[in-house]
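Just so we're on the same page: letters track the sequence lines, and every chain starts at 1.
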Amino acid sequence: MELAPIFTWLYNRLLTVGLGLELTDIISLAALAVIVFGFLSVMALFLVWWERKFAGHIQQRFGPMMTGWHGVLQTIADAVKLIQKEDIVPAAADRKVFFWAPVIVFVCSFAAYVVIPFGNGLIVSDLNIGILYVIAITTFTIISLLMAGWASNNKYALLGGMRSAAQAVSYEVPMVLAVLGVVLVTGSMSMNDIVKGQSAWGGFHWNIVFQPLGFLIYIIAATAESNRTPFDIPEAEQELVAGYNVEYSGMKFAMFFLAEFVNMFTLSAVATTLFLGGWNGPLLPSWVWFLIKTLGMVLVFMMFRWTYPRLRVDQLMEFAWKALVPLAFVNLIYVGIMARWVNW
Amino acid sequence: MAKTRDLYTEELVLNMGPHHPSTHGVCRLILKMDGEVITDCIPVVGYLHRAIEKIVENRTYAQCIPIMDRFEYVTAMMCDWAFCLATEKLTKLEIPERAEYLRVIMGELNRIASHLLCIGVTALDLGALTPFLYTFRERELILDLFEMTCGQRLTYNYIRIGGVARDIPPEFIPKCREFLNIINPKIDDYEKILTENPIWIARNKGVGIIPEQMVYDYAISGPSARASGVNYDIRKHDTYSIYDRFDFDIPVFFGCDSYDRYRARLAEMRQAARIIGQALDQMPEGEVRVKVTAAFKTEPGEVYSRIENSRGEMGIHLISDGSKKPFRMRARGGSYNHLMAVPEIVKGLKIADLVAVFASLDIIMPEIDR
Amino acid sequence: MGQLVRQFVAGIYNLVVGLLTTGKHLGRHAVTIQYPKERWTMPERSRGMVVLLTDEESGLLNCTACLLCMRACPSGAIEIETAEDEKGKRVRYPKGFTLNYHICCFCGLCEESCTFAAIKLTPKYEFPEWDSQKLIWDRDKLQEMGRDVKYESRERKKGPDERIEAAALADGRPVPPEILERKAAEEKAKAEAKAKAAEKAKAEAQAKKEEASGTSEATGSKAESPEKKVDDSKEDTPS
């Protein structure tokens, strides 16, 4: 049951109202923005609940069970709790920067969804620089980490913010190089083209089959980008005295928290699109395949979090620059050779 | 020739205060740091001081046992045992065979429980959140065994002067054997998650080196010493109770780092399971307690008796003046010496390594503060 | 170079093994229970709430105010108030029995020291209170909490009459007259029996004396060591 025809029909109905092309476009894009925002909010709530249940069952206990059936309303309860908390701003903090940091991280996390293909024809806007746009927008969140660390007027928060910014910047390099391998083979940066390039073999001509090393590098870099274990030094209470979000409370903290999960979903969606064949697949509708594959990748990230210990900061940076970047170059050379001679 | 301007740097004093998720109790560490690297570490103890040694001077010997439970509540059976050994040495009391076997079984079960806690908490401090729950799941089985025997899960009041309090109930032995069957595969599970994990190795190998000379200088004992190549275990080298009847190995490693301390604890758990199996096979029937009246007195004298606790050497120095209450008791726990060695170990390491070292030395505060 | 590749592959392999080890727990049932909807059954030796046990026949406490538990407690959580009868002898029933749960450490030494099966630690553990003063239980509350507790009763040398009389004296109530009558009748019978026995013994001793009046080998009877009196001082009770 494809969803693209529904949207096309709605758009045509809107045209017949007779407001003119530009106005109709603006209204339809605004409506799409609201729909995507709504979907992502629900997805963020669902992911928070799912992570807690998953962590519980891995540890042979139940997760949340009291709020709603098996705890489905737990995230809403947490959100209500965070909303009614007092919004404390430290006395000597830089108020403007303090306010705008969570806003930027929130906006940028959602802005990346302009080019994510949710299904066949279900993409808000198929830019021809699709994947580059995603990488650029997710890099924006690094600025907000620095803003949060700086504005808190807390030397430990500043250290934490700078450290997490350094981590994110370092892991951008291997991530981009892994992505570059896929772009090389596809010949285009547009997300739709990348997905269509994997539609052979009955929808199973996935890039992971040809570039497993690239996939591995991408997963590791993505775990580091979203500040998850084993790279979650910015959030580790046991080791750090404070992180960049130590002075935030209430809804602002909730913004950072939700943005982290949305970011994880973005990275999983990008991994699905680039390496796992996007929305390709037999029998089921395309958006169902997309959801299955993306949630599967989210599951992999969650398994990493609940199994592995965390790396020390210097080991983290060492790993990025001394291990991942050379590997990424090796991968790129390998893809280049394969693309030229084996004619992928 | 260009001259670089010297950057003005300052030594940072960081207080890893009594409220901290990784200090295993209430320990305050004042860290002097140069950027990320620790230059000095000053431990401030005393936040858990309960004046146990003074309280014991006003209690009869039988009443001291619940107090000694709380001396080191993670291995409460062994604290009771050390105290009873000291008192029995003073009065030259002979306790029944079955009581000795029961003491060994309870002591070794407690050792396994304590090591499970240590490994779980070490993993938790380093970010692996799941092994903590797994080790506590096994610990629950041991605590269930204790609860069916003496009624409590943490402060047992079971090992008494003259033997043990009561005989084990009939369902203890099958449950204990079931536990012994389970524990080895579970330790293999922990090994699969942690021991060969490259991240775990990167965090622990080469971190917190304790050279052999430092072991002798600071009187470090227990698995922390055996991970530095010092082959010394009081159960074999200064045998007490009936440990000479059991066949078990002392795992010794030579890496001197946190990784080997972790491995030493894992290996010790397996050996403890061996001892329990042999004790269950060899245990005779009979009484479990020599009747000790309320007017129990010891000979006047002085005795130092020590046992191999899961954290090292636990010693009780008991001075008696012939009355119903001890004149002076000094309890020695291994964690105090380990904590005093921490400043020397962590010079030049980072905070993250301090956490790993602290956790791997298995330092807990009740032993230090009493 | 080969070393590096081997290290890399070994690392990836061990990471995957770790994932599988945690992953295999996903299919297993949880080991926790949903308290308060489900509860564990505690073992019967569990040391929880302290109660005073009641004798079924008389409906009164088994406690004889011997103060052994008070002296055995290492924390000093038990306080017993005793009463005296008109002759100055201690009545064998507690006038007041206070157990302070702020101090009690649930060690069980009181239960072990009691020879009358009067005090027991039960497996119950749910007795929280909003008001902390309500955690200092008096004799009646302890008795009420212990009414439905099963225990192995000890042999009583004396019947329920003795308990009723002692309880009445301890509470300062008048003793029921029928008990006093029965007691008086018993004492009279005892006195008569004693007089008869004394006469008989005297007669026998007279006969023996006449027999052995010849040689008198006075073997001094061993002086019996006086039995150590039960020490009622409070030196064992920690303050």
Heavy atoms of other groups near [X] [atom1], more than 12 under 6.0 Å:
| X | atom1 | value |
| --- | --- | --- |
| C:Glu56 | CD | no |
| C:Lys124 | NZ | yes |
| B:Lys186 | NZ | yes |
| B:Glu53 | CD | yes |
| B:Glu287 | CD | no |
| C:Tyr125 | OH | yes |
| C:His102 | NE2 | yes |

Original post:
Given a strict heavy-atom distance threshold of 4.5 Å, which part of B:Arg160 is in contact with chain C: side chain, backbone, both, or neither?
Top reply: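 Side chain only.
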
Original post:
B:Tyr134 versus chain C, heavy atoms under 4.5 Å apart: side chain, backbone, both or neither?
Top reply: side chain

What's the separation between atom [atom1] in [X] and atom [atom2] in [Y], rounded to the nearest 0.5 Å?
| X | Y | atom1 | atom2 | value |
| --- | --- | --- | --- | --- |
| C:Asn14 | B:Ile193 | CG | CD1 | 12.5 Å |
| B:Arg137 | C:His25 | CZ | NE2 | 4.0 Å |
| B:Leu133 | C:Thr22 | CG | OG1 | 12.0 Å |
| B:Gln63 | C:Ser113 | CD | OG | 9.5 Å |
| B:Arg59 | C:Cys73 | CZ | SG | 8.5 Å |
| B:Asn157 | C:Glu112 | CG | CD | 6.5 Å |

Subject >> Where C:Met42 and B:Glu147 come nearest, the two heavy atoms and their spacing >> reply: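 Shortest heavy-atom contact: CE-OE2, 3.1 Å.
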
**OP:** Looking only at non-hydrogen atoms, find the nearest pair between B:Pro66 and C:Pro74 and report the distance.
**Re:**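 Smallest heavy-atom distance, with atoms named: CG-CG, 3.8 Å.
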
Original post:
Between the side chain of B:Glu196 and the main-chain N/O of C:Gly18, is any donor-acceptor distance below 3.5 Å?
Top reply: no

**OP:** Taking C:Arg47 for its side chain and B:Gly151 for its backbone only, find out whether a donor-acceptor pair lies under 3.5 Å.
**Re:**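 It does not hold such a pair.
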
**OP:** Please step through side chain to side chain contact (heavy atoms under 4.5 Å, CB included) for the pair C:Leu121 and B:Gln152, ending with a clear verdict.
**Re:** CA-CA 11 Å; C:Leu121 270 79; B:Gln152 281 278 7; over 6 Å; no

**OP:** Tell me, out of C:Gln7, C:Glu44, C:Lys24, who's got the most heavy-atom pairs with chain B below 4.5 Å.
**Re:** C:Lys24

Subject >> Which of C:Val17, C:Val31, C:Leu109 touches chain B most, by non-hydrogen pairs under 4.5 Å >> reply: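 Of C:Val17, C:Val31, C:Leu109, C:Leu109 has the most heavy-atom pairs under 4.5 Å with chain B.
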
Identify each donor-acceptor pair in which a side-chain atom of residues 166-177 of chain B lies under 3.5 Å from a protein atom, sequence neighbours left out, and give them as a table.
from	atom 1	to	atom 2	distance (Å)
B:Asp167	OD1	B:Arg98	NE	3.2
B:Asp167	OD1	B:Arg98	NH2	3.1
B:Asp167	OD2	B:Arg98	NE	3.3
B:Arg177	NH1	B:Asp281	OD1	3.3
B:Arg177	NH2	B:Asp281	OD1	3.1

Subject >> Worked verdict on B:Thr155 versus C:Phe106 for side chain to side chain contact (heavy atoms under 4.5 Å, CB included) >> reply: CA-CA 9 Å; B:Thr155 51; C:Phe106 300 96; over 6 Å; no

Subject >> Engaged part of C:Tyr13 at the chain B interface, taking heavy atoms whose separation is under 4.5 Å >> reply: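 No part of it gets close to chain B.
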
**OP:** Using a cut-off of under 4.5 Å on heavy-atom pairs, state which of B:Arg153, B:Arg70, B:Glu140 scores highest against chain C.
**Re:** B:Arg70

